[in-house]
Number of protein chains: 2
Amino acid sequence: MDNKKDQSVRQLTEEMFQIQLKANQFMKSLTREEELSDNLVFLLLKLKWSEFLKVTEIAEFFLLTPGAATNMCDKLERLGLVERIRLKEDRRVVRVALTKKGEERVHDIFAKFSAEQLETVISSLTQIRLLFEKIEDTL
Amino acid sequence: MDNKKDQSVRQLTEEMFQIQLKANQFMKSLTREEELSDNLVFLLLKLKWSEFLKVTEIAEFFLLTPGAATNMCDKLERLGLVERIRLKEDRRVVRVALTKKGEERVHDIFAKFSAEQLETVISSLTQIRLLFEKIEDTL
DNA sequence: TTAAATATTTTAATAATTAAAATATTTATT
DNA sequence: AATAAATATTTTAATTATTAAAATATTTAA
């Protein structure tokens with residue numbers, strides 16, 4: 001591995017490291033008063049704009065096993081943030097939905113940001129996603 | 001929470017989710033044949049361009065406890081990828097450095113990418129970092 | 001009616017982390 | 001010089017989040 005490539009490795013490592021750091025900081029600023037894990041917060045957000053999700057849907061979204069998804073729901077249910085109801089039409093299926101308390105929790109997460117701030121964040125995140133897609137096309 | 005803000009939450013959730021997905025995919029493509037965790041790979045990369053790191057330095061970089069950093073080193077040492085040597089000048093300090101095998105492992109990670117690919121990736125990552133910094137300034 | 005497939009939960013095991021304790025060394029104080 | 005305090009790393013115990021596998025209940029297919 002020549003010096004030019006060494007430099008590339010060094011740069012790439014540094015950028016990746018900084019990005020991870022800032023991404024974590026961003027998550028923290030979003031969930032600054034949350035003691036929930038990132039994935040649990042993500043799930044609350046996801047449920048905010050889905051009427052409900054099945055456990056297998058949750059598992060698929062998060063690329064986890066059904067057991068892990070169940071465990072996530074256990075935690076949120078214990079906190080009164082979600083409820084689980086068996087579907088009448090197919091009693092194998094469990095609907096997972098936000099409770100009133102869960103709705104309020106999501107509301108609280110975003111109450112601290114102005115509409116302008118949100119727009120800026122969304123716009124930046126969109127560009128970040130596009131850049132990752134560019135990387136995807138490159139490799 | 002009004003409809004406009006609902007939409008913002010929805011968009012933000014979706015972007016965050018996609019970014020997490022793509023960032024994971026990126027890590028996977030970088031470490032596609034690695035059975036090491038992300039942090040272990042990161043540490044290998046970091047050691048590639050540092051002569052050596054102390055355990056506390058590793059803990060600081062990764063925002064972990066010294067115990068966790070020790071554990072990371074245990075794993076890499078067990079695999080023959082790093083070595084630990086007490087500093088003569090201060091025998092409390094352990095130098096952690098890549099072995100020859102570790103160097104080769106890092107080399108292998110990047111052997112599969114061309115210089116052009118690396119340049120594109122680095123450039124995109126730099127922009128991603130700048131965008132995260134913009135978000136940081138916004139919040 | 002029986003067998004196979006499916007959804008979720010439970011159980012057991014594993015990996016990665018923290019908090020706290022332990023060990024060794026260095027630095028500061030007496 | 002001796003003692004106390006600080007520091008670096010490791011070890012131990014506990015916790016959290018995940019997987020694999022097993023269990024339970026239900027639906028679908030034969």
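Judged by distance alone, with hydrogens and angles left aside, the side-chain atoms of Glu83(B) form no donor-acceptor pair with the main-chain N or O of Thr99(B) at under 3.5 Å. Side chain of Arg86(A) to backbone of Arg91(A): a donor-acceptor contact under 3.5 angstrom is found.
Note on Arg95(B): nothing from the nucleic acid sits closer than 4.0 angstrom, heavy atoms only. Across all strands, Thr65(A) comes closer than 4.0 Å to base atoms (heavy-atom distances).
Of the two residues contacting DNA chain D, namely Thr70(B) and Asn39(A), the nearest-nucleotide position lying further toward the 5' end is that of Thr70(B). If Val55(B) and Arg91(A) are placed on DNA chain D by their nearest nucleotide, the residue sitting closer to the 5' end is Val55(B).
For DNA chain D, the outermost nucleotides in 5' to 3' order that have an atom under 4.0 Å from a heavy atom of chain A are dA17(D) to dT27(D).
The distance between atom NZ of Lys88(B) and atom C1' of dT26(C), rounded to the nearest whole Å, is 18 Å. Here dA16(C) presents its C1' atom at 13 Å from CZ of Arg78(B), a figure rounded to the nearest Å. For the pair Leu40(B) CG and dA15(C) C1', the computed distance is 11 Å after rounding to whole Å. Atom CG of Asn71(A) is separated from atom P of dT14(C) by 18 Å (rounded to the nearest Å). The nearest whole Å value for the distance from the CG atom in Leu36(B) to the C1' atom in dA15(C) is 13 Å.
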Please list every donor-acceptor pair under 3.5 Å in which a side-chain atom of residues 61-74 of chain B meets a protein atom from a residue at least two apart or in another chain.
{"from": "Thr65(B)", "atom 1": "OG1", "to": "Ala68(B)", "atom 2": "N", "distance (Å)": "3.2"}
{"from": "Thr70(B)", "atom 1": "OG1", "to": "Pro66(B)", "atom 2": "O", "distance (Å)": "3.0"}
{"from": "Asn71(B)", "atom 1": "OD1", "to": "Lys75(B)", "atom 2": "NZ", "distance (Å)": "2.5"}
{"from": "Asp74(B)", "atom 1": "OD1", "to": "Arg84(B)", "atom 2": "NH1", "distance (Å)": "3.4"}
{"from": "Asp74(B)", "atom 1": "OD1", "to": "Arg84(B)", "atom 2": "NH2", "distance (Å)": "2.6"}

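A salt bridge links Lys46(B) with Glu14(A): the closest approach of a Lys/Arg side-chain nitrogen to an acidic carboxylate oxygen falls below 4.0 angstrom. Salt bridge present: Arg129(A) and Glu133(A) bring a charged side-chain N and a carboxylate O closer than 4.0 Å.
Ring geometry for Phe17(A) versus Phe42(B): interplanar angle over 60°, hence perpendicular rather than tilted (30 to 60°).
Partner assigned to dT18(D) is dA13(C), using Watson-Crick or G-U wobble distances below 3.5 angstrom. Across the strands present, dA22(C) finds its partner in dT9(D); the criterion is a Watson-Crick or G-U wobble pair with both atom distances under 3.5 angstrom.
By the rule that hydrophobic residues join a cluster once side-chain heavy atoms approach within less than 4.5 Å of another member, Ile109(B) and Trp49(B) end up as members of separate clusters.
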